[in-house]
Amino acid sequence: MIQFQNVHKWFKTLHVLNDVNLHVKQGEVVVVCGPSGSGKSTLIRTINKLEPINEGRLTVDGMDLLSKKTDLNRLRAEVGFVFQQFNLYPHLSVLSNITLAPIKIRNTPKKEAEEQAMQLLERVGLAMKRDAYPTQLSGGQQQRVAIARALAMKPRIMLFDEPTSALDPEMIGEVLAVMQDLAKSGMTMVVVTHEMGFAREVADRVVFMDHGVILEEAQPEEFFRNPQHDRAKQFLKQLLSPMH
Amino acid sequence: MDLDFQVIIDNFTYFMIGRYPNGPLGGLGLTMYLAVVSCILSFFGGLILGLLSLSRYPVIRYPVNLFINTIRGLPLLMVIFWMYFLLPALMGKTVPESQTVIMGLTVFTSAYMSQIVRAGIMGVPKGQTEAAISTGLKGWQTMLYIILPQGMRNMIPSFVNQFVSLIKDTSLAFIVGVSELTHVGTQVNNRTMSYPTEIFIFIAAVYFVLCFAFTSFSRWLEQRLAWRKSI
């Protein structure tokens with residue numbers, strides 16, 4: 001479904017992705033973790049070409065991201081993206097945030113798009129907020145609307161870039177619950193997160209990155225019980241007991 | 001100092017609409033006509049220039065920015081003169097003075113408006129564009145449905161400033177003999193000779209009322225368009 005082959009990326013002289021090889025199969029949930037500046041956000045942003053890669057090969061759902069023939073808008077319509085800062089449209093109601101893309105791109109009739117949007121809002125538990133504006137919602141609610149907005153395009157892949165990092169602790173659970181539910185439905189997901197509980201319960205695989213290199217790739221059980229790499233051991237230790 | 005405003009009352013219709021309907025529109029009517037038409041044209045002119053100046057293609061961006069910066073570096077009077085002499089030469093026929101003035105005001109104001117548009121667009125957080133293109137929206141759709149509606153709200157106060165300037169700048173039409181409010185004022189002054197103070201107090205008051213009404217209207221509009229401030 002998503003295949004990185006010897007992918008490199010530089011920001012000027014900074015080597016942010018260094019020979020990345022990764023294969024995400026259909027229906028798989030992959031959690032990417034690592035210290036800040038490790039390139040995990042850049043990695044996930046290359047999948048829908050918010051960041052272009054400089055070298056190597058990257059195919060997503062059969063589309064070659066370096067090929068000029070690839071229809072980027074079509075690719076992005078197939079790939080949902082959820083941001084750390086939600087990025088809901090502040091000038092549109094919750095319902096319009098969700099229906100905009102289906103109406104404009106899929107040419108879905110307004111009424112049908114709204115019905116589908118309502119189903120998605122039910123699913124994320126926010127049907128009563130349909131007419132609210134984003135700033136009237138809590139962070140956790142905004143992020144759930146953002147997930148519904150991404151799902152409205154019926155994507156084949158969902159990408160999450162630190163979806164809970166900007167949230168107050170008591171709101172993290174409600175967002176993770178929606179994501180877990182989505183994973184159970186068989187969605188292909190790549191999730192950048194520090195929520196190790198989520199990784200342990202939901203992920204099929206955990207990828208550990210540092211300095212643009214994938215250092216470790218393992219099943220969550222294996223990764224948490226017996227990390228191979230020193231950097232991974234240190235990272236996990238710091239996550240579990242941040243005071244030391 | 002005794003002021004005698006009888007001269008205003010005697011010439012009131014002339015101040016307001018010139019010789020209309022027996023002759024061409026003049027006075028305040030013409031001032032408003034020049035301002036409104038130039039305002040509408042330079043709104044679109046500014047929008048187009050602003051968008052082009054942000055184009056990702058240097059072939060478009062560079063000449064547009066050169067044009068904008070050239071215009072911004074010239075006095076408005078110069079631009080009006082240009083149009084006055086250039087436009088008939090280009091068109092190969094005479095162009096009514098009021099139209100050359102509208103062209104001059106439009107070109108000049110568009111250049112300034114483009115900078116407002118540009119700043120308004122760049123003021124919208126990058127995450128909005130990323131969110132929009134991530135759902136598959138095309139570049140122009142993102143601009144139309146996501147960026148401009150948010151940017152426009154930031155642009156309104158600056159737009160209003162620009163339009164108030166525009167209303168006052170129409171007085172420069174006087175120089176090429178267009179009988180707008182200021183020109184009519186000097187005409188009446190030359191004819192009657194003895195009331196310059198009264199006449200120009202009156203002219204100043206009319207400009208003030210016009211500009212103030214417009215500013216108040218825009219404040220009302222701003223509040224109506226207000227949505228809750230986002231992150």
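Bear in mind that the values here come from a model prediction, so they are computed numbers and not experimental data. Here is how names work: the chains are called A, B, and so on, in the same order as the sequence lines, proteins then strands, and each is numbered from 1. Below, all heavy atoms of this structure are taken into account, side chains as well, without hydrogens, waters or symmetry copies.
The aromatic ring centroids of B:Phe214 and B:Phe212 lie 6.0 Å or more from each other.
When all heavy atoms are compared, the tightest approach of B:Thr142 to B:Ala132 is CG2-CB, 3.5 Å.
Neither the backbone nor the side chain of A:Leu75 comes within contact range of chain B, judged by heavy atoms closer than 4.5 Å. Only the side chain of B:Gln141 has a heavy atom closer than 4.5 Å to any heavy atom of chain A. Only the side chain of A:Phe83 comes within less than 4.5 Å of a heavy atom in chain B; its backbone stays farther off.
A:Glu78 and A:Lys154 are not joined by a salt bridge, as no carboxylate oxygen comes within less than 4.0 angstrom of a charged side-chain nitrogen. Using a cutoff of 4.0 Å between basic side-chain nitrogens and carboxylate oxygens, A:Arg45 and B:Glu130 are scored as salt-bridged.
The choice from A:Val79, A:Leu92, A:Leu100, A:Asp71 that makes the most heavy-atom pairs within less than 4.5 Å of chain B is A:Leu100.
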